[in-house]
A.B. asks: 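The following block contains the structure, expressed as structure tokens.
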Amino acid sequence: MKFQGSLAVVAAAAATLVEVAQAHCYIYSVYVNGVDTGTFQGIRTPAYNGPAPYGYANGPVKDLDSIDMRCNVLGDHQVPHTIQVKPGDNLTMDWHHDARTATDDVIASSHHGPAMVYLSPDPPADNSFVKIWEEGKFAEGVGALAPGKWATTADIAANSGKMNVRVPQGLKAGFYLLRAEMIGLHEAEVSYQKNPIRGAQFYPNCIQLEVQGDGEVELPEGVSFPGAYKWDDPGVVYDVYCSTKTTTTAPCATAYQIPGPTVWSGAWPATPSVALGPMTGATRAAATWDTWIVKSVVTSASAGKVLGTSTYEAQWSSTYHAPTPTA
Ligand SMILES: *[C@@H]1O[C@H](CO)[C@@H](O)[C@H](O)[C@H]1NC(C)=O
């Protein structure tokens, strides 16, 4: 009996773990002017953070000082395809969590927070990330247990994972990394630095772009990742549920300040949502379970059997190299 009881406890704990794991999201595809460029094409999908079936490749980064803040874990690894665009093109990122379907919940309903898009030459350098779009809290909550309306949950998830941004007018041709980001603030009433089991959850995901044409506009100086966000930023430590507390003594912050720099004046003021074509295009195979990375330790496995471990250290190049095409 006692044995059965503890099994039930273990099962319940495992169920909670899976729920937590399933709360996360990343980008499955990018549409250019409504045309789907293909699942996982040109997208630097993060590494798995544990073995099958509990690890997942869509986990958050929580340490602001980590290189993973740049493009998530494995963000330095190029993918074979690069998405070709022109200034003025309308891009639609398709964020999901379990599957690229209309019924997928995109991100857990508790993960309220801002969303933003940065652009950097590829590879990034010091202060090379320029913010071209952002959205934070756009409506106050009304009544109890009402965190308000946020970019992640009330806009992107409500629109089946679609995040819109436009390639800046006249942008100079070249290779760029688009860094799209969602932030979950559901545990952000304290910083990860003060309490590592809580803190804001960052979901950066980078896309390889080649801008074509004869544009002459260069990106201005931007910010660095890591570096752009600080442990005491009011946009990083923020209690989304504060307004729901009845016992609080300190007044709640209602206005929300999105972290990072202001949006570049050269970015488009409006980000239209364009009509999207069907989900077609080539599909790059999703990462397999043969490797996962936990606290920089890379574990390699085959058919569930661990083969060995090594240490992962991001290796960002300082010059652009064309990615190796797939065999
Ligand atoms: C992008 O969207 C805007 C606004 O809807 C539209 O005017 C423009 O023509 C679109 N750009 C392209 C290249 O389709």
Side-chain angles (χ1 to χ4, degrees), residues 25-44 79 81-96 100 102 106 114-122 129-139 149-182 204-220 222 258 260-284 320 323:
C25 64
Y26 57 171
I27 299 169
Y28 278 64
S29 179
V30 180
Y31 295 80
V32 179
N33 301 321
V35 177
D36 182 354
T37 58
T39 303
F40 295 128
Q41 293 282 9
I43 302 163
R44 297 190 180 179
V79 289
H81 185 70
T82 298
I83 298 171
Q84 295 179 332
V85 298
K86 287 188 277 306
D89 279 352
N90 296 294
L91 309 186
T92 307
M93 270 69 79
D94 194 11
W95 290 80
H96 282 290
R100 250 194 112 189
V106 181
M116 41 273 245
V117 175
Y118 295 82
L119 202 54
S120 165
D122 181 11
F129 285 93
V130 174
K131 196 188 264 177
I132 60 168
W133 177 79
E134 67 179 10
E135 183 178 53
K137 182 187 193 178
F138 56 86
K149 293 200 160 121
W150 292 85
T152 53
T153 43
D155 179 7
I156 294 164
N159 287 302
S160 209
K162 306 302 182 289
M163 174 193 263
N164 300 294
V165 75
R166 208 168 162 191
V167 179
Q169 190 164 29
L171 188 66
K172 201 171 174 170
F175 295 99
Y176 292 84
L177 276 183
L178 182 147
R179 178 185 181 278
E181 173 176 42
M182 301 242 253
N205 205 176
C206 290
I207 293 159
Q208 295 173 188
L209 293 183
E210 180 184 6
V211 174
Q212 301 181 317
D214 54 8
E216 291 179 349
V217 176
E218 301 212 25
L219 288 179
I258 300 171
T262 53
V263 171
W264 173 39
S265 60
W268 293 91
T271 59
S273 60
V274 296
L276 301 179
M279 290 182 187
T280 55
T283 293
R284 186 169 67 88
Y320 181 80

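One-based numbering, in listed order, for ligands and for the atoms of each.
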A.B. asks: Which protein residues have a heavy atom under 4.0 Å from ligand 1?
C.D. replies: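 The 4.0 Å shell around ligand 1 contains Asn33, Gly88, Asp89, Asn90, Arg166, Pro272.
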
A.B. asks: Taking C-beta and beyond as the side chain, do Gln169 and Trp268 meet within less than 4.5 Å on heavy atoms?
C.D. replies: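 SC-SC contact between Gln169 and Trp268 confirmed.
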
A.B. asks: Check the orientation of Tyr118 and Phe129. Use parallel for under 30°, tilted for 30 to 60°, and perpendicular for over 60°.
C.D. replies: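 Perpendicular, since the angle between the ring planes exceeds 60°.
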
A.B. asks: Could you walk me through whether Asp36 and Ser29 pass the side chain to side chain donor-acceptor pair (under 3.5 Å) check?
C.D. replies: CA-CA 7 Å; Asp36 182 354; Ser29 179; 2.7 Å; yes

A.B. asks: Taking side chain to side chain donor-acceptor pair (under 3.5 Å) as the definition, give me every residue that meets it alongside His96, ordered by chain and number, with sequence neighbours left out.
C.D. replies: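 His96 satisfies side chain to side chain donor-acceptor pair (under 3.5 Å) with Asp94, Asp104 once adjacent residues are dropped.
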
A.B. asks: Using the test side chain to side chain donor-acceptor pair (under 3.5 Å), find all partners of Tyr176 that sit at least two apart in sequence or belong to another chain.
C.D. replies: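 Partners of Tyr176 by the side chain to side chain donor-acceptor pair (under 3.5 Å) criterion come out as none, since no residue qualifies.
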
A.B. asks: Enumerate the residue pairs fulfilling salt bridge (charged side-chain N to carboxylate O under 4.0 Å, His left out) with a member in residues 173-182, sequence neighbours excluded, ordered by first and then second residue.
C.D. replies: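 Matches after skipping sequence neighbours: Arg179-Glu181.
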
